[in-house]
Amino acid sequence: MTVSVPALSAASADASFEKVQLERRDLRPDDVRIDIRWAGICHSDIHTKREEWGPASFPLTPGHEILGTVLEVGPEVTTHAVGDVVGVGCFVDSCLDCAACKDGEEQYCEKGGVGTYGVQGYDGEITQGGYSGQVVVRDHFVVKVPDAFDESQYAGVTPLLCAGITTYHPLKEHGVGPGTRVGVIGLGGLGHVGVKIAAAMGAEVSVLSRTDAKKEDGLSFGAQHYYATEDESVFDELAGSFDVLLNTVGSGIPLDSFMGLLARGGVMHNVGAPEENLEVSAFSLLANRRQIAGSMIGGLPETQEMIDFCAEHGVTATVEVISADQVDDYYDKVVSGDVRYRAVIDTATLEA
Ligand code: NAP
Ligand code: ZN
């Protein structure tokens, strides 16, 4: 028997979100049913719903930053129990058998991992995401929320399920720690969490935001320096001065100008996913033997490691809690870079 739960759903790229009832499947032996308390709005939800990445599957309930409580578990589930506080990120299934899955990088599953919303699962059903009252997820894809977080922090813990792991992975991959000069480009949902995590890793962190509007906040998140890149003199002043640049911007940026900020052997790590191509001249790479890299979120073991790290270091996202009725407006606000710094839906407001 399926369970009917309240949700927000869009009928097309241009349509507003409507309150609907969504069917959640009956539990399979390795499933976990989660009562969703908070759901973050990631810019990827907006790219998807507005079909900026190509055709989307409608009706669509987005949401891949999910936090809630376990309501029920299937008979084979041993890792989660009723009452546990848990999170779900960008994937809800993968083959768990290929080299990528065996390496704990389920997001690169060779069979094709199943995204949390808007894609066909292995059972043929289209997945629907976190802007809803409940979700049913295979146990492997459920993350434990550490006890060190208390309930008052849960809204801020929610964005760690995507923004947290997406920024933690590259920072760790590039060995960020004391003495590393890290520049975070764009102080939005991902960027502000990236600043907090890089600071917790002990790095010397700079914010590279378009304007000075977020300066006080950027410094309060743990950055030592803050630069407004609308002032082009910044590119001369900071030439060759970063080991790692983390680009979190969701639209095209003049990447060559930013590449010039990298020191010898420095790396530009791109996690932003704009519809436009990123263009770099060969000489931006040759000079100072610079590198350019990218990654998609992170695997499940690393997501658990990230959330444990954040609990240990007191890192949570800075959020605006919003109601279901505000989601359309907040999509526009996210695009204009005006959210401080992640919008999180209070799912208690989903009932029609
Ligand atoms: P967001 O909250 O909108 O933040 C992006 C920030 O980029 C804005 O706050 C703004 O910061 C800056 N920005 C926006 N428009 C800009 C423009 N035209 N030129 C320069 N800077 C601009 O978005 P998000 O949720 O952090 O996501 C960021 C991107 O990462 C999106 O493309 C998203 O799809 C992608 N993403 C990728 C992964 C992955 O696995 N790789 C995971 C999640 C999200 P300032 O105001 O400070 O300039
Ligand atoms: Zn996301």
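First listed ligand is number 1; within each ligand, the first listed atom is number 1.
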A.B. asks: Go through the structure and list residues passing side-chain contact (heavy atoms from CB on, under 4.5 Å) with Pro29, not counting sequence neighbours.
C.D. replies: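 For Pro29, the residues satisfying side-chain contact (heavy atoms from CB on, under 4.5 Å) (neighbours in sequence not counted) are Pro75, Glu76.
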A.B. asks: Judged by non-hydrogen atoms, does Trp53 sit under 4.0 Å from ligand 1?
C.D. replies: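 Trp53: in contact with ligand 1 (<4.0 Å).
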A.B. asks: What do you reckon, are the aromatic ring centroids of Phe221 and Tyr341 less than 6.0 Å apart?
C.D. replies: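 Aromatic pair counts; centres sit under 6.0 Å.
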A.B. asks: Would Gln107 count as a contact residue for ligand 1, given that I'm defining contact as a non-hydrogen atom of the residue lying under 4.0 Å from a ligand atom?
C.D. replies: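 No, that is not the case, since the closest heavy atom of the residue is not under 4.0 Å from the ligand.
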A.B. asks: Transitive ILVMFWY cluster of Val136 at side-chain heavy atoms under 4.5 Å: who else is in it?
C.D. replies: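 Once heavy-atom contacts under 4.5 Å are chained together, Val136 belongs with Leu27.
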A.B. asks: With atoms numbered from 1 as shown, which atoms in ligand 1 lie under 4.0 angstrom from a non-hydrogen atom of Val334?
C.D. replies: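 Those of ligand 1 that fall under 4.0 Å from Val334 are 3 (O).
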A.B. asks: If the cut-off is 4.0 Å to any non-hydrogen atom of Thr166, which atoms of ligand 1 fall inside it?
C.D. replies: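 Heavy-atom distances to Thr166 below 4.0 Å select 38 (C), 39 (C), 40 (O), 41 (N), 42 (C).
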A.B. asks: Looking only at distances, please establish whether an N/O atom of ligand 1 is found under 3.5 Å from an N/O atom of Cys42.
C.D. replies: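 N/O-N/O distance under 3.5 Å: no.
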A.B. asks: Going by the order shown, which atoms of ligand 1 are within less than 4.0 Å of some heavy atom of Lys214?
C.D. replies: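 This gives 9 (O), 11 (O), 45 (P), 46 (O), 47 (O) as the contact atoms.
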A.B. asks: Side chain, backbone, both or neither: which applies to Thr248 and ligand 1 if a contact is any heavy-atom pair less than 4.0 Å apart?
C.D. replies: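 Within the 4.0 Å criterion, Thr248 contacts ligand 1 through backbone atoms alone.
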A.B. asks: With atoms numbered from 1 as shown, which atoms in ligand 1 lie under 4.0 angstrom from a non-hydrogen atom of Arg342?
C.D. replies: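 Matching atoms, with element in brackets: 24 (P), 25 (O).
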A.B. asks: How about the Zn ion (ligand 2), which protein N, O or S atoms come within less than 2.8 Å?
C.D. replies: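 Counting only protein N, O or S atoms under 2.8 Å from the Zn ion (ligand 2), the list reads Cys42 SG, His64 NE2, Cys162 SG.
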A.B. asks: Does Met296, backbone or side chain, put an N or O under 3.5 Å from an N or O of ligand 1?
C.D. replies: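 N/O-N/O distance under 3.5 Å: no.
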A.B. asks: Checking the N or O distance criterion of under 3.5 Å, is ligand 1 in contact with Gly189?
C.D. replies: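 Min N/O separation from ligand 1 is below 3.5 Å for Gly189.
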A.B. asks: Is Ser251 touching ligand 1 with its side chain, its backbone, both, or neither, if touching means heavy atoms under 4.0 Å apart?
C.D. replies: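 Under 4.0 Å from ligand 1, Ser251 contributes side-chain atoms alone.
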A.B. asks: Apply salt bridge (charged side-chain N to carboxylate O under 4.0 Å, His left out) to the pair Lys19 and Asp325, showing each step before the final yes or no.
C.D. replies: CA-CA 9 Å; Lys19 288 179 175 171; Asp325 300 327; 3.4 Å; yes
A.B. asks: For ligand 1, which is the ligand I care about here, please tell me if Gly191 has any N or O atom under 3.5 Å from one of the ligand's N or O atoms.
C.D. replies: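 No; the residue has no nitrogen or oxygen that sits under 3.5 Å from a nitrogen or oxygen of the ligand.
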A.B. asks: What part of His47, side chain from CB on, backbone N/CA/C/O, both or neither, has a heavy atom under 4.0 Å from ligand 1?
C.D. replies: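 It is the side chain that gets close, since no backbone atom is under 4.0 Å.
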A.B. asks: Can an N or O of Tyr341 be found at a distance shorter than 3.5 Å from an N or O of ligand 1?
C.D. replies: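 Min N/O separation from ligand 1 is not below 3.5 Å for Tyr341.
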A.B. asks: Applying ring-ring contact (aromatic ring centres under 6.0 Å, His included), name anything that partners His169, two or more places apart in sequence or on another chain.
C.D. replies: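 Applying ring-ring contact (aromatic ring centres under 6.0 Å, His included) to His169 gives none.
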A.B. asks: Could you establish whether Ala163 and ligand 1 come within less than 4.0 Å of each other, counting only heavy atoms on the residue side?
C.D. replies: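 No, Ala163 has no heavy atom closer than 4.0 Å to ligand 1.
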